[in-house]
S.K.: 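Quick one: this structure, given as structure tokens, is what I'll be asking you about.
Everything numeric here is computed off the predicted structure, so don't read it as measured data.
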4 protein chains.
Amino acid sequence: MLETIPQSRRERRIAARQAQILDAAAHVFSQKGYQNATTKDIAEAADVSEGTLYNYFANKRDLLIGVARAYADEVITDMETIQPEGYEDLLAQFMANRFRRGRERRLFMVFLYESRWNEDVRQYYVEEAMHHIIALTEQHIRDLIARGVLREVDPAIAARTMSATIMGFAALFELGISVNHGSPELLGTQVTDILWNGLRTYGKNGRD
Amino acid sequence: MLETIPQSRRERRIAARQAQILDAAAHVFSQKGYQNATTKDIAEAADVSEGTLYNYFANKRDLLIGVARAYADEVITDMETIQPEGYEDLLAQFMANRFRRGRERRLFMVFLYESRWNEDVRQYYVEEAMHHIIALTEQHIRDLIARGVLREVDPAIAARTMSATIMGFAALFELGISVNHGSPELLGTQVTDILWNGLRTYGKNGRD
Amino acid sequence: MLETIPQSRRERRIAARQAQILDAAAHVFSQKGYQNATTKDIAEAADVSEGTLYNYFANKRDLLIGVARAYADEVITDMETIQPEGYEDLLAQFMANRFRRGRERRLFMVFLYESRWNEDVRQYYVEEAMHHIIALTEQHIRDLIARGVLREVDPAIAARTMSATIMGFAALFELGISVNHGSPELLGTQVTDILWNGLRTYGKNGRD
Amino acid sequence: MLETIPQSRRERRIAARQAQILDAAAHVFSQKGYQNATTKDIAEAADVSEGTLYNYFANKRDLLIGVARAYADEVITDMETIQPEGYEDLLAQFMANRFRRGRERRLFMVFLYESRWNEDVRQYYVEEAMHHIIALTEQHIRDLIARGVLREVDPAIAARTMSATIMGFAALFELGISVNHGSPELLGTQVTDILWNGLRTYGKNGRD
DNA sequence: AATGAATGAGACTTCATTCAT
DNA sequence: TATGAATGAAGTCTCATTCAT
């Protein structure tokens, strides 16, 4: 809630240092996961000493929470800036934005996993980011149904199905399981096609 | 008769003890994840000493591999015993079988995550189980397309979409994100409905 | 002091089993040293179970002592059977007998080392075998001096010098430090030549 | 000036701490041998925590190598500083320098033994130190033969005989086998006398 | 008497965290 | 504020020894 621009030079320096450390932590976590990452790794990546980490974050877990929070903010912003006209390729755009970069996919996996053992990660990542995304998606779907674009599915179910499919594909990508001849973008289009056909009405957008 | 069932009392005792330890390990891993689980935890859950673990498994990683292998076998058997007549609710049945129990869902998440850091888990779980499942699904879809039940989607894409959606829902469940008024079975049905509609043809099974 | 021939079949069987285990232990100790050798190694080499070892020997240390005692007996017997006429090549013969086989050299090193940490090994190997050998050598030297063959060195010093040189060469051999063009036998001859020249008188055997 | 002496205070502190730990390790290894020594022992002797050991050495084996290397350096320096005029009592001086202190003798035994199981100890101690010593000795002997002081023995054999005798005496000392009425210095003189007589010519230095 | 699975003490090692400089 | 050496709790793993079969 203190999301204002830091006034003093001191505050700006602190914020910059925090961001520098968080970025390093995100990098290391995405490469090694939370447990395998050492504070030494993170300090080296951030080009500070280990001791300095503890001047900005209470402990290693706090670093993970910081990364999760930043990631959640980014996801929400990303989601909200997708233009309403793009309803049909909502998934495609979101997938492209989120999972084009391996680092984002891997971080996503880390949060997904660690939120089971870490209440705060769950708080920041799951509660805030994912619920937010799902709520937005649900609203979109509700609108589309009202406008007759989509058939009358349960919007809650539909929104969760979309999220689940996206998450699942991120995992498949990370596991190296994917169609060999498809780029991320092409894949996104094809997946969207299937889900979209599962959801839409068949008056105006009949099969070709 | 001589192949599958251990002959001597000694061999039976060893197999039983191995199973006992693997079961304990599966339990602990599903509760704590791999890294948070200690060999002490597992030994206590198996009601043996820590040293005994090492009479049956080379190291902690080997325990995880053992659990993954057993899980993979189970998944494949499960998949193969689903009756062909149940094509339409293939997903529903599989989801119900696999993810009705929280322990299975949680183990699935553990394997999904650990396979990134552990080549053997990837080998046993991803390579053998998931590829197998996807291949089977792909074949089912191919058949259904040939019989005109499904429209002409790319079977590879479709099979992966199904897997991704199932995996994603397992994750959502674990995260506590799901429709509050739905049982796993009802959920499965609804999800299936969406995907099914995204895949089927619209001649005989047109919308009502 | 019970060095009689076992009467009953039972006693003979016990003695045979003990010998079998001791031989295995000697083999393993010579290959791996005492600390690196495991009771499992020894049991496998002896083709018995680990438990059986403990029916014949109180503990692992007791196995080492048993091997040391047997080795000491052998050394003493060996030493005593060298013919008196062979005075001049006493060293050569003894070196050849003792250290021709790598196993003997390596066991020697093991006893030498372990006797520092193990009072019983010191007792059986050092006290009994080495003191015996040195005493015998000393007596030989005393005789040779009395007969005018050797010059009037201190027999105690001379005997210890001989032992030290032999031991040292065994070590050099094990370390792989030796003259590349010499066989053990040739080496023995040359070493003997040097020591012998250091000890003998120069009336009848003057330099040529 | 910039090479041998650490510049900064930090580097000096690190070097001092390393030396402190190595000294403690040398002490413990000489008392207990390598295998019997625990990292706990060494940490206590160095008056640091066990964890601190691992800030300076990768593992226990690395500590042994560090001690061996320091010892080897010391031996070589020692050997090289013995004055050429002292040819005749080369052994006596070297023995006195090396083995007057029990700790040196015991460490020597530890390296001798452990180099069989530890490639790096062999590298640092045997390859570098012992080969060096033997080569130097061989050269000395070669010179003495050329100058007619020693008779025409094989210099390689003679050098190895000297080394072997010294090593053997170190072992005898450790085993408590030695002439009871002799000091190390007197012993050294007597041993030298024997070897010397075994090597020298008999023109100018004939027996009296 | 023989077996070998079970035991558990204790070894080595890692690493998040602290704190003197 | 920054540093990074020191810490020590806690983890994994080994292996001599025991004991029920």
Side-chain angles (χ1 to χ4, degrees), chain A residues 10 13-14 17 21 34-44 46-64, chain B residues 9-10 13-14 16-18 21 35-43 46-63, chain C residues 10 13-14 17 21 34-44 46-64, chain D residues 9-10 13-14 16-18 21 35-43 46-63:
Chain A
R10 183 172 168 277
R13 198 182 55 219
I14 290 176
R17 182 55 60 96
I21 291 172
Y34 175 67
Q35 310 252 13
N36 295 318
T38 66
T39 50
K40 188 162 178 288
D41 289 332
I42 296 166
E44 280 170 4
D47 203 31
V48 297
S49 72
E50 280 190 75
T52 298
L53 297 183
Y54 287 84
N55 287 336
Y56 294 90
F57 298 90
N59 49 41
K60 188 185 170 189
R61 171 166 293 198
D62 209 32
L63 278 165
L64 182 63
Chain B
R9 180 178 306 177
R10 181 172 166 277
R13 198 182 55 222
I14 289 176
R17 182 53 59 98
Q18 269 191 334
I21 291 172
Q35 311 243 20
N36 294 315
T38 66
T39 50
K40 188 164 177 287
D41 290 332
I42 297 168
D47 203 31
V48 296
S49 72
E50 275 192 73
T52 297
L53 298 183
Y54 290 86
N55 287 339
Y56 294 89
F57 298 91
N59 48 43
K60 188 186 169 189
R61 170 166 294 199
D62 207 34
L63 277 166
Chain C
R10 182 171 168 278
R13 199 181 55 219
I14 290 177
R17 182 54 61 98
I21 292 172
Y34 175 67
Q35 310 251 14
N36 294 318
T38 66
T39 50
K40 188 163 178 287
D41 289 333
I42 296 168
E44 279 170 5
D47 204 30
V48 297
S49 72
E50 280 191 74
T52 298
L53 296 183
Y54 287 84
N55 287 336
Y56 294 90
F57 297 91
N59 49 40
K60 189 185 169 189
R61 171 166 292 198
D62 209 32
L63 278 165
L64 182 64
Chain D
R9 180 179 305 175
R10 181 173 166 275
R13 198 183 53 223
I14 289 176
R17 183 52 59 97
Q18 269 192 335
I21 291 172
Q35 312 244 21
N36 294 317
T38 67
T39 50
K40 188 164 177 286
D41 290 333
I42 296 167
D47 202 30
V48 296
S49 72
E50 278 192 70
T52 297
L53 298 182
Y54 290 85
N55 287 339
Y56 294 89
F57 297 91
N59 48 42
K60 188 186 169 188
R61 170 166 293 199
D62 207 34
L63 276 166

S.K.: Would you compute the distance between atom CG of D/Leu53 and atom CD1 of D/Ile21 and round it to the nearest 0.5 angstrom?
M.R.: 5.5 Å
S.K.: Base contacts versus sugar-phosphate-only contacts with protein, heavy atoms under 4.0 Å: please encode nucleotides 14-21 of chain F as B, S and - from 5' to 3'.
M.R.: BSBBB---
S.K.: According to a 3.5 Å limit on both distances, what stems of 3 or more consecutive Watson-Crick or G-U pairs are formed with DNA chain F?
M.R.: E:2-21 with F:2-21
S.K.: Please classify the nucleic acid contact of C/Tyr56 as base, sugar-phosphate, or nothing, using heavy-atom distances under 4.0 Å.
M.R.: sugar-phosphate
S.K.: Could you tell me which residues satisfy side-chain hydrogen bond (donor to acceptor under 3.5 Å, both in side chains) with A/Asn36, sequence neighbours excluded, listed by chain and number?
M.R.: B/Gln35
S.K.: Tell me which nucleotide among F/dT1, E/dA2, F/dT7 gets nearest to the side chain of D/Val48.
M.R.: F/dT7
S.K.: Does B/Arg10 have a side-chain nitrogen or oxygen under 4.0 Å from the phosphate oxygens OP1 or OP2 of E/dA5?
M.R.: yes
S.K.: Counting just side-chain N and O atoms, does A/Arg17 come under 4.0 Å of either OP1 or OP2 of F/dT1?
M.R.: no
S.K.: Kindly write out the residues that satisfy side chain to side chain contact (heavy atoms under 4.5 Å, CB included) with B/Thr38, not counting sequence neighbours, or none if the list is empty.
M.R.: B/Lys40, B/Asp41
S.K.: Could you list the residues that satisfy side chain to side chain contact (heavy atoms under 4.5 Å, CB included) with A/Arg61, not counting sequence neighbours?
M.R.: A/Tyr34, A/Asn59, A/Ile65, A/Asn118
S.K.: Decide yes or no for D/Ile14 and D/Tyr56: does some side-chain heavy atom of the first lie under 4.5 Å from some side-chain heavy atom of the second?
M.R.: yes
S.K.: With sequence neighbours left out, what residues match B/Arg17 under side-chain hydrogen bond (donor to acceptor under 3.5 Å, both in side chains)?
M.R.: B/Gln20
S.K.: Taking the side chain of D/Ser49 as heavy atoms from C-beta outward, which of F/dA6, E/dA5, F/dG4 is closest to it?
M.R.: F/dA6
